[in-house]
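One-based numbering, in listed order, for ligands and for the atoms of each.
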Amino acid sequence: MNVLVLNGPNLGRLGKREPGVYGSTTYDDLVRLCLDTGRDLGLSVEVRQTDHEGELVGWLHEAADAGSAVVLNAGAWTHYSIAVRDAAAQLTAPLIELHISNVHKRESFRHHSVLSDIATGLVVGLGVDGYALALRWLAGRAD
Ligand code: DQA
C-alpha cells in the first residue's frame, strides 16, 4: 500500500515550535519515524510538508489519482480550508486526519474540523506517536 503522510503549515518547525504543545521531536525526526515505521510494516511511505495551501491541494489530487492512502495533518487549514476538504474528498483510499495535540483541549476555534466528516478516522492528541499508530492501522487494512 502506498501512503502519503502530508503535513500542512508550520509543521516543518516541529521541535522549535511551541514545544510545550507539540513536543521536542523535530520534523526530521518525524520523517524518520514515519519512514522506519513504514518499512517495518511493509508500506511504501512518503512524507511531505508545505506552508502553501495549493501545494497540499496538488498532493491530494496526486493521491486521489494514484489511489494512495493519506495521513493528513493539515495544521490550521483543518479548521477552515474548504479547498483542502474538497481535494481530500476525492480520495478513494483511507484518509486519516491527524493532530499531534488534543485540539479539543485547546482554543474553541480548533474544535471544528472541515475534514473529520470525510475522514476514515482520526488520531488526535497522541503526539508524534500518532503517525506510527495511523500507519499501523493502514498496514492492517492493506491487501
Ligand atoms: C495541529 C493542530 C492545529 O490546530 C494547528 O493549527 C496545527 C497543528 C496538531 O497537529 O495538533 O498546526 O494540527
Can you tell if the side chain of [X] reaches within under 4.5 Å of the side chain of [Y], non-hydrogen atoms only?
X	Y	answer
Leu60	Val70	yes
Leu56	Leu72	yes
Val21	Arg106	yes
Val47	Tyr131	no

*Run the numbers on Arg85 and Asp117 for salt bridge (Lys or Arg N to Asp or Glu O under 4.0 Å), then give the verdict.*
CA-CA 10 Å; Arg85 176 198 166 89; Asp117 66 309; 2.7 Å; yes
*Between His79 and Phe109, what is the ring plane arrangement, given parallel below 30°, perpendicular above 60°, and tilted in between?*
perpendicular
What does the N/O contact table under 3.5 Å look like for ligand 1?
| from | atom 1 | to | atom 2 | distance (Å) |
| --- | --- | --- | --- | --- |
| ligand 1 | 4 (O) | His79 | NE2 | 2.7 |
| ligand 1 | 4 (O) | Arg110 | NH1 | 2.9 |
| ligand 1 | 6 (O) | Ala76 | N | 3.1 |
| ligand 1 | 6 (O) | Arg110 | NH1 | 3.1 |
| ligand 1 | 10 (O) | Asn73 | ND2 | 2.8 |
| ligand 1 | 10 (O) | Ile100 | N | 2.7 |
| ligand 1 | 11 (O) | Ile100 | N | 3.2 |
| ligand 1 | 11 (O) | Ser101 | N | 2.8 |
| ligand 1 | 11 (O) | Ser101 | OG | 2.6 |
| ligand 1 | 12 (O) | Arg17 | NH1 | 3.1 |
| ligand 1 | 12 (O) | Arg17 | NH2 | 3.0 |
| ligand 1 | 13 (O) | Asn73 | OD1 | 2.8 |
| ligand 1 | 13 (O) | His99 | ND1 | 2.8 |

